[in-house]
Protein chains: 2
Amino acid sequence: MNRTNGGTAGRTAGGAAGVTAGVNLLALRSHNTALVLDLLRTAGPAGISRLELAERTGLTPQAVSKITARLREEGLAAEAGRRASTGGKPRTVLRLVPEAGHAVGVHLDRDELLVVLTELDGRVVGERTVWLDLGAGAEAVVGTVVREVDGVVDELLKGGAGGGAESAGDAGRAAGARGAPTLLGVGVALPGPLDHIHGVLHRVTGFPEWDGYPLRDTLARRLGVPVVVDKDTNAAALGLAVLGERGSFAYLHLGTGLGAGLVIGGSVHRGTRTGAGEFGHQVVQLDGPLCSCGNRGCVEALCLAAIDRGDVPGAARVLGIAAANLAGLLDIDLLLLGGRTIAATPAPFVHGVTTVLIEHARREGAHEVAVPVRLATGGTRVVAEGAAQLLLGPVFGRADG
Amino acid sequence: MNRTNGGTAGRTAGGAAGVTAGVNLLALRSHNTALVLDLLRTAGPAGISRLELAERTGLTPQAVSKITARLREEGLAAEAGRRASTGGKPRTVLRLVPEAGHAVGVHLDRDELLVVLTELDGRVVGERTVWLDLGAGAEAVVGTVVREVDGVVDELLKGGAGGGAESAGDAGRAAGARGAPTLLGVGVALPGPLDHIHGVLHRVTGFPEWDGYPLRDTLARRLGVPVVVDKDTNAAALGLAVLGERGSFAYLHLGTGLGAGLVIGGSVHRGTRTGAGEFGHQVVQLDGPLCSCGNRGCVEALCLAAIDRGDVPGAARVLGIAAANLAGLLDIDLLLLGGRTIAATPAPFVHGVTTVLIEHARREGAHEVAVPVRLATGGTRVVAEGAAQLLLGPVFGRADG
DNA sequence: GCACTTTGGCAACAGCGTTGCGAAAGTAGA
DNA sequence: TCTACTTTCGCAACGCTGTTGCCAAAGTGC
């Protein structure tokens, strides 16, 4: 696994702003291999033929054969039957071998911890949920995360031998020489602004003790595997992107707060300081009511106030207007709604936001099509699954998911 | 020139949403060549040494030597003196040969036509301005554009032989076998929403006769060279990006209307239907005053109304709030202000917008740094220069500028 | 059973960046 | 002025990539 692709091989050391880097033959191979893996993943258990891979990648059939031969040797791909003949030799179908790699996704919420173990294709094969108080202090929370992650990994990747706490820190010993299960790493998603690049929390609203906490490095040291942290909305958007949403879309999350995850051209847009997606504190009413952030007229404040007084259509309308602002600015394909408040009464929200966007499109021009609005699928696990994708993504050529 | 890089070689035919494509050796060479050319362009007349190129690209010095040797053979690069020695053989400095390629940029405004001819490095070597009425009908306007473009090209690329109109359509014969000047194509920037991919106008506010006009194909047929069309704000943003603004930024244009051009990670973000950057009709006041678009409370309406009543600080504040919404959503590095209205009284606008953003940042957190606000440089030609970059960009590895 | 179509691997090949090495072009010191 | 050293940079051989030409394998249709 480790040599399948050289990680982000070929990336030049310097370039902070990720300007551009030269591509050598190693990077070329990594890219094409990841591309083929990605198509295999997308095809799912149904599989995909070599010639179809060639068409989709633009590579020659022979090149695809070479790549898939290597993947089969490494155990990442396998043959899976054949298609019906069209007058000649039938195409052999290839599929991803999901068990060849694993990733852990952690959804660290204000009052709950959800840990999932997924295979290469993103399918969840293990899950744990425990109650937890984010305000209980960094040490306690990190301890709980380490214990639960190790628990899931020990149980499902190491044959379930032995007990719990004493194996803490051993999670990383998976990448053995033999066909041992390989753990790519752990992705952690949590609320609030944070520095995705350095893995440091800025602040978690309501819990000042987390300010500046180096969560990624702490967890990586104690778990012994690579760790990536990200905002919960970004993880959710990433999870939805892998679950089938293509192109560019925004995931709007309405729960205790209002935030967004942006997927542009298939990958999460985080912005320069990885703070993008601050949707809730968009001002839509000049000199409006005071928001918790200190500003006036934020969508979040207006939306939550409407919900507090039982005015769901009003909340939906405000949300729709902010969504239309976003859609006009970025010209995206789709809006997805999610979060506890949406889940409580989904229909009026979808309807209300849709209505605003249709009106908006009508004013833009006769042949203008409104951006479709849908409920985010995937249920309560989507954030944790997306967190796992933070590790799985690079295998399939996605920069950070 | 034509064989320097195979254009966007290697791009698979199908993939509408530009998903991902396989990379073959030809594409690899194109990429690395474009990368080196881009660094040569950035270095300007001062030049850059081979070893520096190697460091910046991550390629080995020998690979850079091969690439630059090819570029020198093709006349795109040349030696330009040497640096001071640091104890051994001094580094040879290479520079771009700007005269090896040309592009035309056209700024088609409501009442004026500006045509520039630029060299590879973006420097303007010829310029024409004529008054023109966008409402005079498509045929008349297109005729004027063709005449002026041909005029500039004939005068400066073909030795200025002969007259004007009869050579219309000959502009494309430049790419001769000998060292004849090579015209890459013509970029056209104009106001109003349009389809960048297909080169078709949606509508130009106030001029319904342009609805659905296939401007790109019409011009390409009559000029005989590749033509690319884009919104004026996108062209301006592109021009500013080449003029030195790095990273991600938004260009906010306040003139007869209010629009934005978004540069994310060095390239223009246009969105799925190339309609991104609709900044002016962002709603910032629920149920506010009616806007020309039919909606209520758009920034554009509020901003222009404030200006109409002489309240520049008020206009700046409203603009600042909308800019803060944008900056929070995308997490960009920089905001640039431009357009006639800004140019009339720049200081209060920069000050007003800056103030709003600083207040916003202060509320976000103590160590939060506000997004800097600056006046867009480049003067009145920046849109036309950016339009030329629509053709120059691909030479340097930029997808569409 | 034969002709035909289609798949996909083997072998030779061209072209990319890489490595090893040496000539070229300077500086620093005797 | 000569020698030793440093640094740049091109030539040649190399490994590895995707590509091309060719042919065996595995089906269908008559």
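In the text below, chain A, chain B and the rest are named by the order of the sequence lines, each starting its count at 1. Computed from a prediction, not measured in an experiment: that's the story for all the values here.
- B/Ile67 has its side chain within reach of B/Leu59: a pair of non-hydrogen atoms, C-beta onward, lies under 4.5 Å apart.
- For the pair B/Leu26 CG and C/dG17 P, the computed distance is 11 Å after rounding to whole Å.
- In terms of phosphate contacts, A/Arg83 brings no side-chain nitrogen or oxygen within less than 4.0 Å of OP1 or OP2 of C/dT7.
- Of all the heavy atoms in B/Asn24 and B/Ala27, the pair that sits closest is OD1-N, 2.9 Å.
- The salt bridge (charged side-chain N to carboxylate O under 4.0 Å, His left out) test applied to B/Arg82 returns no partner, not counting sequence neighbours.
- If you measure from atom CG of A/Leu53 to atom P of C/dG9, you get 12 Å, rounded to the nearest angstrom.
- Look at B/Ser65 and you'll find a side-chain N or O under 4.0 angstrom from OP1 or OP2 of D/dG10.
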N/O contacts under 3.5 Å, protein versus nucleotides 25-30 of chain D?
residue : atom : partner : partner atom : Å
D/dG27  : OP1  : A/Arg82 : NH1          : 2.8
D/dG27  : N2   : A/Gly87 : O            : 3.0

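- From B/Leu39, atom CG reaches atom CG of B/Leu53 across 6.0 Å, with rounding to the nearest 0.5 Å.
- Nucleic acid contact class of A/Thr92 (heavy atoms, under 4.0 Å, all strands): sugar-phosphate only.
- Between B/Glu99 and B/Arg123 there is no salt bridge, since no side-chain N of the basic residue sits under 4.0 Å from a carboxylate O of the acidic one.
- The distance from atom NE2 of B/His31 to atom C1' of C/dG15 is 17 Å, rounded to the nearest whole Å.
- Rounded to an integer number of Å, the gap from CD of A/Glu55 to P of C/dT6 is 13 Å.
- Residues satisfying the salt bridge (charged side-chain N to carboxylate O under 4.0 Å, His left out) test with A/Arg50, not counting sequence neighbours, are A/Glu79.
- Axis angle between the ends of the helix from C/dG1-D/dC30 to C/dA30-D/dT1, five pairs each and rounded to 10 degrees, works out to 0°.
- Summarising the geometry, atom CD1 belonging to A/Ile48 is positioned 13.0 Å from atom OG1 belonging to A/Thr92; distances are rounded to the nearest 0.5 Å.
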Could you pull out the protein-nucleic contacts involving nucleotides 18-20 of chain D (nitrogen or oxygen on both sides, under 3.5 Å)?
residue : atom : partner : partner atom : Å
D/dG18  : OP1  : A/Asn32 : ND2          : 3.1
D/dG18  : N7   : A/Lys66 : NZ           : 3.4
D/dT19  : OP2  : A/Thr60 : N            : 3.1
D/dT19  : OP2  : A/Thr60 : OG1          : 2.5
D/dT19  : O4   : A/Lys66 : NZ           : 3.0

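- A/Leu117 places a side-chain heavy atom less than 4.5 Å from the side chain of A/His102.
- In this structure, A/Arg83 and A/Ser49 approach most closely via the heavy-atom pair NH2-N, 4.2 Å.
- D/dG10 atom P lies 8 Å from atom CD of B/Glu79, rounded to whole Å.
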N/O donor-acceptor pairs under 3.5 Å from side chains in residues 264-273 of chain A, not counting sequence neighbours:
residue  : atom : partner  : partner atom : Å
A/His269 : NE2  : B/Leu330 : O            : 3.0
A/Arg270 : NE   : A/Asp230 : OD2          : 2.9
A/Arg270 : NH2  : A/Asp230 : OD2          : 2.7
A/Arg270 : NH2  : A/Asp400 : O            : 3.4
A/Thr272 : OG1  : B/Asp333 : OD1          : 2.8
A/Thr272 : OG1  : B/Asp333 : OD2          : 3.3
A/Arg273 : NE   : B/Asp331 : OD1          : 3.4
A/Arg273 : NH1  : B/Val369 : O            : 3.0

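- Considering every non-hydrogen atom in both A/Leu183 and A/Val225, the closest pair reads CD2-CG1, 4.0 Å.
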